[in-house]
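These notes are about the structure you will find just below.
Protein chains get the first letters and strands the later ones, always in sequence-line order, with residue 1 at the start of each.
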There are 2 protein chains.
Amino acid sequence: MAPRKKTPAAPSSGTPVSMADLARELGVSMTTISRALSNHYSIGPEMKAKVQKLAKKYNYQPNRLASALRKGKSKLLGIIVPYIEGRFFPSVVHGIETAATKAGYNVIICQSHEDAAQERRNIEALLSAQVAGIMVSLSRTTTSYRHFEEVQNRGLPLVFFDRSMEGEDVNAVVLDDQEGALIATRHLVAQGCRRIAHLAGPQHLTIYKNRYRGYLEGLREAGLPVDEELIVFTDMTQLEGAGAMRNWLALPNPPDAVCSAGDYCALGALQEARRQGVPVPDGVAITGFSNEAFTVISEPSITTIDQRCEEMGQATVRLLLELIESHGTAFAPRQIVLRPELLMRSSSVREAKPAAPAGKRAAKTAAR
Amino acid sequence: MAPRKKTPAAPSSGTPVSMADLARELGVSMTTISRALSNHYSIGPEMKAKVQKLAKKYNYQPNRLASALRKGKSKLLGIIVPYIEGRFFPSVVHGIETAATKAGYNVIICQSHEDAAQERRNIEALLSAQVAGIMVSLSRTTTSYRHFEEVQNRGLPLVFFDRSMEGEDVNAVVLDDQEGALIATRHLVAQGCRRIAHLAGPQHLTIYKNRYRGYLEGLREAGLPVDEELIVFTDMTQLEGAGAMRNWLALPNPPDAVCSAGDYCALGALQEARRQGVPVPDGVAITGFSNEAFTVISEPSITTIDQRCEEMGQATVRLLLELIESHGTAFAPRQIVLRPELLMRSSSVREAKPAAPAGKRAAKTAAR
DNA sequence: TTGTATGCGTTATCAT
DNA sequence: ATGATAACGCATACAA
């Protein structure tokens, strides 16, 4: 008659297949199934084959929730970024996602929207989701770090990237921003520029502070004087870049180069220079910072500093996985510093360069 | 002597606090804790207060894995996108993430890297993670849809966005691409253009097919002839845009406008026109599609079609949550179509327009 | 209003 | 080489 109960769950049954189903079907215990699927040595090859075949037939998907609950460890990683727009964070996240997937992890992304309170809620959500580790790029408004201590106390691996807590007792992957501004400044010096201005960012953010330092170091290295007039602090907007350039061009002795701590600001400066009929780079050379997409599109294209977004993401995952896998055997926190890369483009490369100022570079050691 | 066992777990104990811990501490049952925390009506207000206070004190975070396992439903949503770079997908994901967070869900992001096999693995990973629903934008190379049927069979809510399966039996949120190209073409007509070229994309992709249709509809509407010479099929790269423009400008009767199905391609065309000394928009007017970031930065800025990225993300989540919450009571699949928006910028807006071709628009009904 | 007991799907321990 | 059983943390049917 009508078959009842014996009918195996059809692949289209609606309810996911569990190990118990497979065990019943094969007339073995769940233990055997579990071991066969995780390739345990104690299971015979023919049994393994049978189990795997059946699993494929029913399209068995392990319930990772149950697995994680039992093992106390999930295959999820948490990411908190200030926002996910523009070029930088999507690229880093891309790098993270790629590396994480390769290692068998999935990734939960949260945005803090530059809000410390939201960041705190993100942490709680990730703790609740039982992630195996957390990667954070700090929100601008974060001043208390208690929510991160809670993470540490739980023994949950935590790695900062790009925007990190100060100090040596955290794991972090950051760009050497100072080096970035330094090589940009050096490049401008090599182009023969002698009055190099700086568009600086908000100094309470480490990255901008470091870029400012790199600029100063570059001047010192070349034996150039620091002129307060040529340093403007901005919020790194295109508009402010244009405004600063306008003022500079009105000076009796305007700059012959601008080293900007950000691309948008550099773009504004560039556009203003052209509006005023000052040629770029021959009248004023310009460098940006971040390698935003538009820097190859603007005319002229803008020399800038690449922040190694993909590498940053990958390095962050590598460090996090090390922490996860070395469970318990805590090792000393590490800071990984990535070398920025100078992308020379039209906005700063001059055809005719003056003779290299011999001896200037040699003065570096003495100057420090 | 030394206190043993009675010592409450310090907030920095290392192991997360569970309901059992709270129950022990208060001398009540886990049931009471569970109910108090989920605000069950049967628990007295003073008890609730006590429990909540203790939970706060110990920084209790519910284990969502356990909860989801027990309830059979998690608070996770899965997203699969082809990639997470450029402007479009990050923006949509941003919209999704915002809406999902507001509704108390977290989001797992997977990239298919335009690879159907990877997309299939993504689906499996999300099934394994017991997500409550899945949002997909199809990879270019996806031709079989069996992995999605598996999702449907499990009764798991599934919503496509932007790149959807054909047909009416799927839930999807898409942009009206045809309308987008149509309003772009209309705009060019209104600027007095009469020989309007089209940079078309790969026609096996619905979005490009629809944009092509919109362009044709626009011509028909204005009573303009279709000239095969003025239609070029490309992969939408900047380079191809430049190449197409070069060929067009070499024609005895070159176009006076270009309606491109993508911004990069439009940019290439624009740059080539300027290289050849043809003024934009007065020599040739140009429109793009996608509102890429660089369209406001190029000179002149590029008229383009905004794809309502944020709205698309939000609409996708809304639809998905409806499906999730109407658990079981399946309703008919819905397609939500978003209206694109024309962003008029310098590359197409002419100072002096010829007299509007009276009657042309009225001919629309007759022409179809 | 509160408590007891059970199970979600998996894995680890201990036995055979 | 395989099986029985307990436990992970939570939610709920049922009892009191």
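- As rounded to whole Å, 13 Å separates atom P of dG9(C) from atom NZ of K73(B).
- Each of P62(B) and T32(A) lies near DNA chain D, and the nucleotide nearest T32(A) is the one positioned closer to the 5' end.
- Taking atom CG of L65(B) as the reference point, atom C1' of dT11(C) lies 14 Å away to the nearest angstrom.
- Between A66(B) and M30(B), the residue whose closest nucleotide on DNA chain C is further toward the 5' end is M30(B).
- The 12-atom threshold is not exceeded at NZ of K50(A), counting heavy atoms of other residues, nucleotides or ligands nearer than 6.0 Å.
- Annotation: proximity of residues 36-46 of chain A to DNA chain C (heavy atom, distance under 4.0 Å) is found for no residue.
- Annotation: the span from F161(A) atom CZ to I79(A) atom CD1 amounts to 6.0 Å, rounded to 0.5 Å.
- Protein atom CZ of R35(B) is 12 Å distant from nucleotide atom P of dT4(C), rounded to whole Å.
- Checked for salt-bridge contact, E150(A) and R120(A) miss the test: no charged N lies under 4.0 Å from a carboxylate O.
- Side chain of S128(B) to backbone of Q61(A): no donor-acceptor contact under 3.5 angstrom is found.
- A donor N or O paired with an acceptor N or O is not found under 3.5 Å between the base of dT10(C) and the side-chain atoms of R70(A).
- M19(A) places its CE atom 6 Å from the C1' atom of dT10(C), with the value rounded to the nearest Å.
- Applying a 4.0 Å cut-off to non-hydrogen atoms, none of the residues of residues 121-133 of chain A approaches DNA chain D.
- The backbone N or O of M312(B) lies less than 3.5 Å from a partner atom in the side chain of T316(B), making a donor-acceptor pair.
- Taking only side-chain nitrogens and oxygens, S67(A) comes nearer than 4.0 Å to OP1 or OP2 of dT11(C).
- Rounded to whole Å, the distance from CG on L26(B) to P on dT1(C) is 18 Å.
- The CG atom of L76(A) sits 11.5 Å away from atom CD1 of I134(A), with the distance rounded to the nearest 0.5 Å.
- At distances below 3.5 Å, not a single donor-acceptor pair connects side-chain atoms of N106(B) with backbone N or O atoms of K75(B).
- A donor-acceptor contact closer than 3.5 angstrom links the side chains of S42(A) and H40(A).
- Running 5' to 3' along DNA chain D, contacts with non-hydrogen atoms of chain B at under 4.0 Å begin and end at dG9(D) to dC14(D).
- Using a 4.0 Å heavy-atom criterion, one finds that T31(A) contacts the bases of the nucleic acid, with or without backbone contacts as well.
- In this entry the distance linking NZ of K50(B) with P of dT1(C) reads 15 Å, nearest Å.
- How far CE of M135(A) is from CD1 of I80(A): 10.0 Å, rounded to the nearest 0.5 Å.
- Counting only distance, with no hydrogens or angles, the side chain of S38(B) and the backbone of S34(B) share a donor-acceptor pair below 3.5 Å.
- A donor-acceptor pair under 3.5 Å is formed between the side chain of T141(A) and the backbone N or O of E114(A).
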